[in-house]
Amino acid sequence: MPEANRDGGDPKLIALFDKYGGRLVSPGGAAGLLGLSRQTIHTLLKRGEMRAFRSDEEVARDLPKWVYIPLDDVEAYGDRVGRSIRGRS
């Protein structure tokens, strides 16, 4: 696999993707995988059911805002509550 060109961008986001091997999804992606609404995902995040990593709004004012959830957390939640991940056999 070719290496990503990292001349710019948010260093926190780059480090996060490196740490999790790219296995991160947005709240909308988590909702789609679990067959839930994005609002439900945000509620689960507030309850601490899954971890969410967010951009630093104070530091990165000129960069897009982002929120990502580790895919392992999404899978673990699905296993705990008996919801299969869509697209998996």
Side-chain angles (χ1 to χ4, degrees):
M1 176 189 264
E3 286 293 314
N5 179 358
R6 297 184 178 161
D7 291 336
D10 186 336
K12 181 179 175 183
L13 183 59
I14 292 167
L16 185 65
F17 269 79
D18 284 346
K19 179 178 180 178
Y20 288 96
R23 291 179 46 84
L24 297 160
V25 294
S26 67
L33 289 170
L34 291 168
L36 301 171
S37 69
R38 285 188 325 179
Q39 183 59 47
T40 299
I41 295 298
H42 286 288
T43 299
L44 293 171
L45 295 174
K46 286 180 186 176
R47 288 184 192 163
E49 298 282 345
M50 293 182 275
R51 295 172 289 173
F53 298 93
R54 292 173 171 79
S55 57
D56 293 327
E57 294 179 24
E58 296 301 316
V59 175
R61 290 178 190 254
D62 59 333
L63 296 172
K65 294 178 185 175
W66 50 264
V67 177
Y68 284 103
I69 303 166
L71 189 53
D72 291 342
D73 287 16
V74 175
E75 293 168 341
Y77 176 78
D79 289 344
R80 279 196 311 276
V81 300
R83 291 191 81 86
S84 60
I85 302 295
R86 291 185 174 182
R88 291 203 162 177
S89 45

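Just so it is clear, the structure is predicted and the values come from calculations on it, not from any experiment.
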Single-linkage hydrophobic cluster V67~I14, side-chain heavy atoms < 4.5 angstrom: no
ILVMFWY cluster, I85 and L45 together (side-chain gap under 4.5 Å): yes
Nearest-0.5 Å distance that lies between atom CZ in R83 and atom CG in L33: 11.5 Å
Interatomic distance, L13 atom CG to L24 atom CG [nearest 0.5 angstrom]: 8.0 Å
Residue pair L36, Y77: steps toward the side-chain contact (heavy atoms from CB on, under 4.5 Å) verdict: CA-CA 12 Å; L36 301 171; Y77 176 78; 4.3 Å; yes
Sidechain-backbone polar pair: K65 side chain, R54 backbone, donor-acceptor under 3.5 Å: no
Check: R23 side chain, L71 main-chain N or O, donor-acceptor pair, under 3.5 Å: no
Side-chain heavy-atom pair V81, L34 within 4.5 angstrom cut-off: no
Note, I69 side chain near I41 side chain (heavy atom, < 4.5 Å): yes
Whether over 12 other heavy atoms sit under 6.0 Å from R47 CZ: no
Closest contact, heavy atoms only, A31 versus R38: CB-N, 3.8 Å
Nearest atoms (heavy-atom pairs only) where S55 meets D10: CB-OD2, 4.3 Å
Aromatic ring proximity, centroids under 6.0 angstrom, F53 and Y20: yes
